[in-house]
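Only one structure is covered here, and it is reproduced in the block below.
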Amino acid sequence: MRRITYRKALNEALAEEIERDENVVIIGEEVAQYNGAYKVTEGLWARFGDKRVVDTPISEAAFVGLGVGASMLGLRPVVELMFWSFAYVAYDQIVNNAGCIRYMSGGSIHVPLVIRGPANAGTNVGATHSHTPENSLANVPGVKVVCPATAYDAKGLLKTAIRDNDPVFVMENTLLYGESWEVPEEEYLIPLGVAEVKREGADVSLIAHGRAVITSLKAAELLAANHGIHAEVLDLRSIRPLDEEAILRTLAKTHRAVLVDENKPFCGVSAQIASIIQEKAFDELDAPVGRVCSLDAPAIYSPPLERIQLPTPERVVEKVLQIT
Amino acid sequence: MRRITYRKALNEALAEEIERDENVVIIGEEVAQYNGAYKVTEGLWARFGDKRVVDTPISEAAFVGLGVGASMLGLRPVVELMFWSFAYVAYDQIVNNAGCIRYMSGGSIHVPLVIRGPANAGTNVGATHSHTPENSLANVPGVKVVCPATAYDAKGLLKTAIRDNDPVFVMENTLLYGESWEVPEEEYLIPLGVAEVKREGADVSLIAHGRAVITSLKAAELLAANHGIHAEVLDLRSIRPLDEEAILRTLAKTHRAVLVDENKPFCGVSAQIASIIQEKAFDELDAPVGRVCSLDAPAIYSPPLERIQLPTPERVVEKVLQIT
Amino acid sequence: MGRNQKTSRLNRFVTTTNNTLVGPATPARSADAEINQQLTAADKLEMLGDMFRIRRFEQTALQYYQAGQMGGFLHLYIGQESVAVGTLSVRGDDDHVIGGYRTHGQALLMGLSMKECMAELFGKSTGCSKGKGGSMHFFAPDKNYWGGHGIVAGQAPLGLGLAYALKYRGLKGCCLCYLGDGAVNQGAYHESLNLASLWDLPVIYIIENNRYSMGTSQERSSAYRTSLAARAEGYNIEWDMINGEDVYEVRAGTWKAIERARRESRPSVLEISTYRYYGHSVADANAKKYRTPEEIEKYRQLHDPLRLWQRTLLEEGVATEAQAAELDAAARKEVAEAVKFAQESPLPAEADILADVYYEVDRQTVAGRTGRHFFN
Amino acid sequence: MGRNQKTSRLNRFVTTTNNTLVGPATPARSADAEINQQLTAADKLEMLGDMFRIRRFEQTALQYYQAGQMGGFLHLYIGQESVAVGTLSVRGDDDHVIGGYRTHGQALLMGLSMKECMAELFGKSTGCSKGKGGSMHFFAPDKNYWGGHGIVAGQAPLGLGLAYALKYRGLKGCCLCYLGDGAVNQGAYHESLNLASLWDLPVIYIIENNRYSMGTSQERSSAYRTSLAARAEGYNIEWDMINGEDVYEVRAGTWKAIERARRESRPSVLEISTYRYYGHSVADANAKKYRTPEEIEKYRQLHDPLRLWQRTLLEEGVATEAQAAELDAAARKEVAEAVKFAQESPLPAEADILADVYYEVDRQTVAGRTGRHFFN
Ligand SMILES: Cc1ncc(C[n+]2csc(CCOP(=O)(O)OP(=O)(O)O)c2C)c(N)n1
Ligand SMILES: Cc1ncc(C[n+]2csc(CCOP(=O)(O)OP(=O)(O)O)c2C)c(N)n1
Ligand SMILES: [Mg+2]
Ligand SMILES: [Mg+2]
């Protein structure tokens, strides 16, 4: 099968959905004429023109809110945040307007909006640009959050997100944009709320989302090669809705779990997963659930240091060894 | 001992700290001439004048950021958010500027800022006004978050927060403002990061913060009266720093815990506490840690419904019965 | 503090010493405007009736609120009726409306029934938001009414989005987006002005300047040279100052802006002077501290939009005292029926708490049945 | 889109067809301003030296960045040196400075050593932010330099706060807050303007208008009538348009604003026209797509602030070619030493990742030792 980059996969998803539905419109800073700060929207403006691919001023609150308003009246805006870190200047529009209007209107309005962009640290852009708000946003009932780890998932999840009738926040990763995976030519969709076992194993479950999945797969290699431990890697893909069954299934098999995410630890996604596991699989557990998160400080600039601030395969291995 | 309201306790804390330190300044909407939307600042403007108690326009991003900037240059601003829900229009200033500047400056700057105001649902003001962001904000390394449950704690914690040299977010509760507790005349401080056992018991630990502590105390009454179960109620008081030792201490005694908070469940504070408990007290636990949170929807308006959307003593009792 | 040079125009009735009913500054001109010449007697009476409907609805709501039958806030529109009635009387069927949390008037004029509005205040499942939104969050998208928004200026980008969707889809119409004099100091409003102008969007921002944001007077909250609306100039947006107590002037100014939106797809900012009689919300214990009782009384006596409009119609010979009384009585009757309806309506069921969160879950689509959506 | 009426003033050198070095529009007037008359030859040479320092520092940084020795972004100031040099040459010791992420120039002029700045870019513990901030986040509060902020316009309220603290504490001085032409469309900037005016704060917002925000030209990002600075009028704030390639004009305009801040405690908005030669950041692969190579070349040839200032000094007889070359050589030497220092400096230790998060923890105070501060 052909291999394409994560970036290209997203680009194809956008192009296909623009073609499929005339109400899909891409809105964001530098998405059109500049082809996207990270080139995710490359070629789309040239191909689809001013109406479908729209450059904005640096006014996230206004253009995110515009996306919400336009979605209420029938459009399917796909709003790009150059970084999800910039969500914080538009947070009210995201939480209160995207998140709560359906509810407050007694269900008479729906908000088929996608907000997408990278949400990761690890590129030495400093604390202000390295936030990972998937935990905090998934806290908001009314929104959905997906974090694809591969090109295949990125394409299938983004397409589904655009067709979904609720606000979906797609959190990508600049460190993955240039990585390639197998992606079929034919159209496919990946439902939200379905996790995937990315590697089978019986000794311990590594549960992760986004780039932490890649880290976990590397850790699984190391565990197999150096310690004879066979780790199963479960990629959540979607944080909300969450594939709780898949989590419990792998736990029932391995009885041990290490959760890996790139959030800061306090109330990170893995806190929620740990809470669910200990509640629903209490008797299955042979050891406490371990967590491997970013080291608990704002993202450091210094490149060699930031590399180890994020979860590394080595830290995952270490944690696995602690609980097995 | 005299009894005063939670509101009055906060008011005294502010007055005492204004008197004590000339760099303390109260800034916020309607805090001065109007005496505060919830009257927490009542009388302060009359007593201390324009310089120390300052009314602002409805520009949270600007005046929160102003507070951060002024704190960098030696002031100790106490910024009132009329509701913590309005933090979302100032979120970038809160997370990136209050939260990250010390780190990004290599420790050369510090931000002795307090942001305070109510952060609760339960008063039928609708979803937009009923957020409880303590979980999401405590996720940010660099900030501190306290959630007082009584007048005594409110006064002692706020005074400490104002003297602390890091940004401290004090989350109060409009439903508690009018409630009274014993508060001594003499000055006292309560350190951040020290939980308090508000009721002793040996059968199960109810761990809570803010108004959920009151709910837990009521639940403990019911458990004792109707079920012969003696619940210990641990009030975290401070979410970050967190008194982990106190949590482990009560667990070592009761071996069972129900966590009660008013957050929405996904990645709420109780998710983090559950995660810590299962990690550090795995062998102490006789049952899974239970959680009682707000029902997982935006805050509903309808008064009788919102009452049951929040954790109730009855729901806490039910959860305790499930795990004992 | 502030160095605002007040225009005499906006604030002229504030400084008036004349003790009689103050008429509009340019009565002839406004009344003569084409849009006003087209008005039939019936139209004018309907507007008077609408003012009665809003006022009686809210006066009654106030009673039940004070009796503890409603929760949350209740921000009364009383005193400002001419703004909603005037602006919306020139609205076309294709035009859309969105506003803040002091918008019962707009909602009632957009075709929401008093029953569903009153039921909403009572927190009943028959409310316009099924009891989920409350006073600040009325919605009726099927009637082009998009809320009811509690966060100050949070609706500004939404209004922009509605206008954007209209333009994108090639639909007729524009969006009227209401906000207060305090709301102009929220960043989202400014970002919206820039986008509205840059992208030629058919949106009209209507600043209902009632001189106070809670307890803060315009002078204490805003720095400006001549007016709040004039800030629009920085974005190359047309703006206007309108005397809100003159229904004709409100209509003429709004019509101009609507025409601009329709013909040129250009935004406008209108600043309409008005006044609220009650506190910021009913729970505003300080309602009388930041302004004198005399000031309030003066507005009630000399500038009440309902009385002024009624007098205009009497003077024009369009209405009789008896007709006016009839309209009032009809409004009162409608309110009484609405209260009865609200009282007799059921509360939402406990299970409703978790409904209306996700479209896909509500419809039980495949997406809605995949994965866990709710946690506990 | 947009219906901006450009002033010929700001953009005049864009439309010039004259093929010779363009001088300032009002050379006599600006150079004659008192603040410029006071300049000694040494002062003028120092300014030239500062321009060389900034340019050579960044050119070298660029090399090492491209060689993979730095991470993140690198937003170069090259082409804009006259703005930092001109504005900061009139600054007093009591004045404070804060800016965005294109502020290496400001930092170097505020007394940060090249060594600590270069070390910061290399991510070393000897950096001005201990390797924690990077290119966008230089800090030196002991030198009145408050960063270096990566979020567009995020510094606007902080600058306000610095000015507020100065006024509150009765300290002399004002705050110069730099931002870009794209940043004026962030809400926080507008909220800040209102507060600055309402509260009479000594803050000067300096819009470095280099005509582009990333790949978006001013016309595509901002709606305005005459200029971006003129939006200040809506807040009753004095504003000025300044030709950034004329150091004298920059100084004169800035001085007026500083005097206003000192004497009247009033804010100002200055819009200074300038141009950047490189991409938005070094990683800006499209640097040449949104503007023609000819445009860039024209600026380099005809409007380079360094060359222009050097020529002025030569024409005035204040400097010789040899003196200029010496200043350049000194700057290059300083840069070389800075690189050596940076290269030889140690990285932060692993444990440093968790330092500088909490003041109380760093100092090991009782508060810092109470409760758990860090999680994993
Ligand atoms: C972002 C935000 N900040 C503060 C509030 C609280 N608040 C609600 S209304 C209001 C005053 C608004 O005044 P104005 O815009 O003049 O409208 P009016 O109430 O006079 O109709 C305030 C401060 C809010 N709802 N949202
Ligand atoms: C809130 C926010 N949105 C977007 C960005 C990404 N970004 C960084 S700089 C920039 C362009 C800013 O242009 P301008 O203000 O003109 O400054 P210049 O780069 O020209 O100096 C953008 C879009 C950001 N850092 N912060
Ligand atoms: Mg008002
Ligand atoms: Mg620029």
Side-chain angles (χ1 to χ4, degrees), chain A residues 29-39 42 50 55-63 82-83 85-86 88-90 92 122-130 263-268 270-271 290-309 311 315 319, chain D residues 1 68-73 101 120-125 127 129-137 148-154 180 182-188 213-217 220-223 280-281 283-286 289-290 347-350 352-357 373-376:
Chain A
E29 290 158 14
E30 310 293 348
V31 295
Q33 301 189 24
Y34 193 86
N35 280 314
Y38 286 98
K39 303 283 164 280
E42 184 143 39
D50 278 336
D55 279 330
T56 67
I58 312 171
S59 305
E60 283 84 356
F63 71 72
M82 196 180 287
F83 287 76
S85 286
F86 307 155
Y88 296 163
V89 296
D92 171 59
T123 61
N124 324 129
V125 288
T128 55
H129 283 53
S130 303
N263 277 166
K264 299 291 147 54
F266 198 94
C267 290
S270 53
R291 293 172 63 190
V292 177
C293 306
S294 288
L295 299 182
D296 202 10
I300 195 168
Y301 160 65
S302 186
L305 279 290
E306 198 189 14
R307 208 181 43 74
I308 58 178
Q309 186 173 16
R315 265 213 282 145
K319 180 60 78 177
Chain D
M1 297 266 158
Q69 308 226 11
M70 296 167 185
F73 298 132
Y101 49 81
E120 186 61 32
L121 297 178
F122 276 79
K124 297 302 181 71
S125 65
S129 303
K130 294 191 192 161
K132 292 183 168 175
S135 162
M136 300 196 288
H137 306 115
H149 294 273
I151 299 296
V152 164
V184 301
N185 298 315
Q186 273 287 319
S213 50
M214 292 194 68
T216 307
S217 65
R220 293 207 302 125
S221 69
S222 292
H280 166 71
S281 86
D284 173 1
N286 280 349
K289 283 203 185 140
Y290 48 86
L347 286 167
E350 206 172 313
D352 289 339
I353 292 177
L354 295 183
D356 303 320
V357 180
H373 285 74
F374 297 100
F375 297 83
N376 55 26

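Quick note on labels: first sequence line is chain A, next is B, and so on, each numbered from 1.
Residue A/D296 holds its CG atom at 7.0 Å from CG of D/L354, rounded to the nearest 0.5 Å. Going from atom CG of D/N185 over to atom OG1 of A/T56 covers 9.5 Å, rounded to the nearest 0.5 Å. Between atom OH of residue D/Y290 and atom CD of residue A/E30 there is a gap of 8.0 Å, rounded to the nearest 0.5 Å. Rounding to the nearest 0.5 angstrom, the gap separating the CG atom in A/L305 from the NZ atom in D/K130 is 12.5 Å. Atom OG1 in A/T128 sits 3.0 Å away from atom NE2 in D/H137 (nearest 0.5 Å). To the nearest 0.5 angstrom, D/I151 atom CD1 is 5.0 Å from A/H129 atom NE2.
Proximity to chain D (any heavy atom under 4.5 Å) is restricted, for A/F83, to the side chain, taken from C-beta onward. Proximity to chain D (any heavy atom under 4.5 Å) is restricted, for A/T123, to the backbone atoms N, CA, C and O. For A/E60, the parts lying near chain D are the backbone and the side chain together; criterion is any non-hydrogen pair under 4.5 Å. Of the atoms belonging to D/H373, it is backbone heavy atoms, and not side-chain ones, that fall under 4.5 Å from chain A. Residue A/F63 does not touch chain D at all, counting heavy-atom pairs closer than 4.5 Å. Only the backbone of A/A299 comes within less than 4.5 Å of a heavy atom in chain D; its side chain stays farther off.
Residues satisfying the side-chain contact (heavy atoms from CB on, under 4.5 Å) test with D/S129, not counting sequence neighbours, are D/E120, D/F139. With sequence neighbours left out, A/D55 forms a salt bridge (charged side-chain N to carboxylate O under 4.0 Å, His left out) with D/R220.
The minimum heavy-atom distance linking D/E350 with A/I308 is given by the pair CG-CD1, 3.2 Å. Of all non-hydrogen atoms in A/P303 and D/G123, the two that sit nearest each other are CD-CA, 4.5 Å. Nearest heavy-atom pair, A/P298 versus D/V357, reported as atom, atom and distance to 0.1 Å: CD-CG2, 4.1 Å.
Proximity of a side-chain donor or acceptor of D/Q186 to a complementary backbone N or O of A/I58 within less than 3.5 Å is detected. The main-chain N or O of D/G131 is never found under 3.5 Å from a side-chain atom of A/S302 such that the two would form a donor-acceptor pair.
The candidate from D/A183, D/G134, D/G127, D/A355 with the greatest count of non-hydrogen atom pairs under 4.5 Å with chain A is D/G134. Comparing D/G215, D/A349, D/S213 by how many heavy-atom pairs each has under 4.5 Å with chain A, the most go to D/G215. No other option in A/Q309, A/E306, A/E29 has as many heavy-atom pairs under 4.5 Å with chain D as A/Q309.
For the pair D/M214/A/Y34, a side-chain contact is recorded, criterion being any heavy-atom separation below 4.5 Å from C-beta on. Counting only heavy atoms from C-beta outward, the side chains of A/C293 and D/N376 never approach each other to under 4.5 Å.
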